[in-house]
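Numbers here simply count residues along the sequence, with the first being 1. Note that the structure is a prediction, hence the values are computed from the model and not measured.
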Amino acid sequence: MNPLPLTPLESYLYHDDTRAHPCWQFCRISYRGSLRRDAMEKAWAEATGRQRLLNCVVRRGALGSLRWVPGPGGPPPLHWSRGEAGAEWPKWQPLDLERGPGARLYVIEREGSGDCIICVHHAVCDGLALLEVMEDTFVIYARELGEGTEPRPAPPGRALAARGRYGRNLAEAVWIPALQVAGMAAEWRLFTRQVAPILPSPLGDDDAGAPPGWPFIVSRRWSIEEANAVKAAARDAKVSVAELCMRDLQAAVGAWRKAHGVDEPEAWLRLGMAVSLRRRTRDPWPAANIFGISVIDRQAKTLDRRERLLRRAHEDMTLIEKWHLGYAFWVLLAACRWLPGGLRGYARRRVVRMTLVMSYMGKVFAKMPLPKEGQHPVVPGAVITEIVGVAPTRRGTALCVDFGLIFGRLDMHVHFDPLVLDRARAQALVEEFGRQLSMSLAGK
C-alpha cells in the first residue's frame, strides 16, 4: 500500500483526540459460553487484514501533511484476560496513531460468559465499519471451527482511495460540494450562533485526562414487542423510526433541562445527526470514515411542541437526504484546512460545537450468516447476547446517543461526560426519553 493522505474528516478526528476526551469508539459484544483463543486470534487477524486502515499508522509528509502508511506488521493487538469482579471495562491500552495501529480487541472471559470489546480511534473508521469488522471476525471464527460460513467479500483496492470522494461519479463530485457551499452561505447564521451545552458547565482542560472508569454509559432496552410498537407508531405517523426517536430525544432534553433547573427559553440547542454516506454500490465498503454530521438547531422554548418537533424532524431528514447535506461537514472541513491553525485549530476550539450527537444504527448484526438461537447469532461454543456501541464525547458535547434495532429490540445507549453529568442525571434523561416514547406509542 502506498502512502494515503488523510481526508479532512480523518485529520479533524485525529486532532480532536485529547487526554480528557479520547476520540475513541467502542463496541462491547457480550456472549454466553466461551471462545477459543487460537481461533479468535486467527479470525481477528484475517478480518483486520482485509481492512487496511486498521493496520496503518500516521506519518507526516515533508510539508506537514498527514498520511496513512502501513504499520509495523502483524494484526492490531488482541488482549485476552480473565474478567475482574465489578470491572465494566478493561484496562485500556493507548491508541497512538503515530506509534501503532488505531484498533485493539479485548476479550474478557468469565465463568460461562464474556465480552469482546473493540476499541478503534475514530480517525480510522466510523461506527458502521466497526460493526462490520466484528461481524467478519465472528463469521471467520465460526468458519475456523468448521461452521462453513464465509465473510462478506473483501473491499476492492480502489474503494479505500474513494472513501473521501463526493457522490458516485464526476458530476456529483462537482455539484455536491457546490450545493453545500451555497447552502452554507445561505445559512451563515448557523456558524455564528452560540450553542448551549446540555447543562451550564465549564469547558474544562483538554490535558486533564479521562476520569477513572471511562467511558460512562447508561442504557435502556425495549423488548421485541415494544420495538414492533415503535415501528408501527412511526408508520402511522408517516415518519421513520430514526425521526421518531429524534423528536422524542429533543422533547426529552427540553423536559429534562427544566427538571434540572435550566430555564433558558431563548437558548439554541444543537443536535448533531450522524448521516451515513455509503452509496448503494455492488462493492463492499472499506472500514473507513464514510459519514457526515448534519446540524439541527432548536430553541429551548420549542421543545415541548411535540407535533411540531416531529414534523420538523421529518422535514429536516428529507432535506438532508434530498440535498446531500451530510456532505456539508466535509466541505466545511476542507475549507478549514486553509484557516489560521488549520484543522487542528478548528478541532480544538473552546466553544460548544454541539449540544449532543445522535446516531441511528438501524438493524445491527441482522444479516450475519450464522445460525441463531431465537434472534441471537450463535458461534461454536457461544451465543451473542448483547451489543453496546458508543461514540466519543467531546469538550462541550457531553452526550452521544446511539439507537439501534439489536436482535429485534430497540436499544438506547448514552455515552455521557462525567465532568458535566453524573450517572443519576444521565439515567434521568434516559427515563425521560422513555416517557416521551410512551407518549408516541399512545399517539400523542
Side-chain angles (χ1 to χ4, degrees), residues 25-32 116 118 126-136 138-139 152 217-250 252 271 273-278 280 285 290-291 310 313-314 317 320-321 326 356-379 383-391 399-415 429-431 433-442:
Q25 302 177 94
F26 307 87
C27 180
R28 183 175 64 207
I29 301 171
S30 300
Y31 57 88
R32 184 176 68 250
C116 285
I118 184 172
D126 56 30
L128 285 176
L130 183 143
L131 289 169
E132 290 176 352
V133 169
M134 289 311 300
E135 282 191 25
D136 288 347
F138 279 108
V139 170
R152 76 192 79 227
I217 299 171
V218 291
S219 302
R220 179 163 174 177
R221 173 178 301 143
W222 288 265
S223 68
I224 294 176
E225 293 74 21
E226 290 169 323
N228 287 336
V230 171
K231 290 186 280 187
R235 286 195 301 270
D236 290 344
K238 295 182 174 56
V239 298
S240 68
V241 172
E243 292 161 357
L244 191 73
C245 289
M246 183 196 300
R247 185 274 299 275
D248 289 343
L249 180 61
Q250 291 173 324
L271 173 68
M273 186 70 185
V275 180
S276 175
L277 298 176
R278 287 166 167 79
R280 295 180 180 177
W285 279 98
I290 313 174
F291 78 101
L310 186 60
H314 180 64
M317 295 309 295
I320 288 169
E321 178 69 22
L356 71 163
V357 174
M358 172 183 159
S359 296
Y360 180 74
M361 305 303 290
K363 296 180 180 179
V364 178
F365 279 21
K367 297 181 180 180
M368 289 183 74
L370 293 172
K372 292 185 177 178
E373 184 179 289
Q375 296 273 350
H376 300 271
V378 177
V379 297
V383 179
I384 299 174
T385 58
E386 184 181 29
I387 301 173
V388 175
V390 295
L399 287 174
C400 287
V401 184
D402 287 85
F403 293 99
L405 292 167
I406 302 176
F407 311 140
R409 310 168 309 213
L410 176 65
D411 281 13
M412 177 186 190
H413 303 298
V414 178
H415 183 192
L429 177 60
V430 172
E431 296 307 316
F433 173 83
R435 189 180 75 84
Q436 298 287 340
L437 187 61
S438 295
M439 294 173 63
S440 292
L441 298 185

Notebook entry, point to check: When you look at V139 and M368, which way does the side-chain contact (heavy atoms from CB on, under 4.5 Å) test go after all the steps?
Noted result: CA-CA 7 Å; V139 170; M368 289 183 74; 4.3 Å; yes
Checklist line | CA sep, side-chain torsions, deciding dist, call: F433, F403, ring-ring contact (aromatic ring centres under 6.0 Å, His included) | finding: CA-CA 12 Å; F433 173 83; F403 293 99; 5.1 Å; yes
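Under the 3.5 Å distance criterion, the side-chain polar atoms of Q25 are matched with a main-chain donor or acceptor of G127. For the pair H415 (side chain) and A391 (backbone), a donor-acceptor distance under 3.5 Å is present. Remark: side-chain polar atoms of S276 are not paired, donor with acceptor, to backbone N or O of F291 under 3.5 angstrom. Under a 3.5 Å cut-off, the side chain of E135 and the backbone N or O of E132 do not form any donor-acceptor pair. At least one donor-acceptor pair closer than 3.5 Å links the side chain of D126 to the backbone N or O of I290.
With rounding to the nearest 0.5 Å, the separation of NZ in K238 from CD in E243 is 13.5 Å.
A heavy-atom distance below 4.5 Å is found between the side chains of Y360 and L405. Inter-residue side-chain proximity for F365 and I387 is flagged as met; some heavy-atom pair is nearer than 4.5 Å. Contact check for I384 versus H376: no side-chain heavy atoms found under the 4.5 Å cut-off.
Across all their heavy atoms, D402 and V390 have their closest contact at OD1-CA, 3.8 Å. Taking every heavy atom of both residues into account, P377 and L370 meet most closely at CB-CD1, 4.3 Å.
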